[in-house]
Amino acid sequence: MPYPSRPVLEALPEFQGTATVRQSAEQRERLVAFSAEQYRAGRSLRQIAELTDRSQTAIRRALRQAGIQLRDPGAPSASSDAARPS
């Protein structure tokens, strides 16, 4: 039995059609602020990219611009206490 595919998020209306080379300062500020807010809330680069209709690279650049330190890739590792049987 195959695994179900992951849900694909729809781009938010405020970001649809704004992925251009010449963004306005307001559009860029909103993208940077939204990306930082969502990343801090635990969303992945992929999820934020889908919501903003951007590439993961564009989101990575926006987060760097916001001064956000990126998490390590992949799922969080299990702590040694959580991995021990009770």
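These values consider heavy atoms only, across backbone and side chains, with no hydrogens, waters or symmetry-generated copies. These numbers were taken from a predicted model, which means no experiment stands behind them.
Atoms OG and CD1, from Ser35 and Ile59 in turn, are 3.5 Å apart once rounded to the nearest 0.5 Å.
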Candidate pair Thr52 and Leu31, rule side chain to side chain contact (heavy atoms under 4.5 Å, CB included), full reasoning: CA-CA 8 Å; Thr52 58; Leu31 174 68; 3.8 Å; yes

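Applying the ring-ring contact (aromatic ring centres under 6.0 Å, His included) test to residues at least two apart or on different chains, none of the pairs has a partner in residues 53-73. Judged as a ring-ring contact (aromatic ring centres under 6.0 Å, His included), not a single pair has a partner in residues 51-74 (not counting sequence neighbours). Counting only residues at least two apart or in different chains, side chain to side chain donor-acceptor pair (under 3.5 Å) contacts with residues 6-18 comprise Arg6-Glu50, Glu14-Arg30, Thr18-Arg54.
Remark: Arg22 pairs with no residue by the side chain to side chain donor-acceptor pair (under 3.5 Å) rule, at least two apart or across chains. Residues passing the ring-ring contact (aromatic ring centres under 6.0 Å, His included) test with Phe34 are Phe15, sequence neighbours excluded. For Thr57, the side-chain contact (heavy atoms from CB on, under 4.5 Å) test picks out Ser55, Arg60, Arg61, with sequence neighbours left out. Residues meeting the side-chain contact (heavy atoms from CB on, under 4.5 Å) test with Ser24, sequence neighbours left out: Glu26, Gln27.
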Indicate every side-chain donor-acceptor pair of residues 63-74 with a distance under 3.5 Å to a residue at least two apart or in another chain.
unit_1, atom_1, unit_2, atom_2, d
Gln65, OE1, Arg28, NE, 3.0
Gln65, OE1, Arg28, NH2, 2.9
Arg71, NH1, Tyr39, O, 2.9
Arg71, NH2, Arg43, O, 2.7

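Between Asp53 and Ala11, the closest heavy-atom pair is CB-CB, 3.8 Å.
Cluster membership check: Leu51 does not share its hydrophobic cluster with Val32, using side-chain heavy-atom separations under 4.5 Å among Ile, Leu, Val, Met, Phe, Trp and Tyr.
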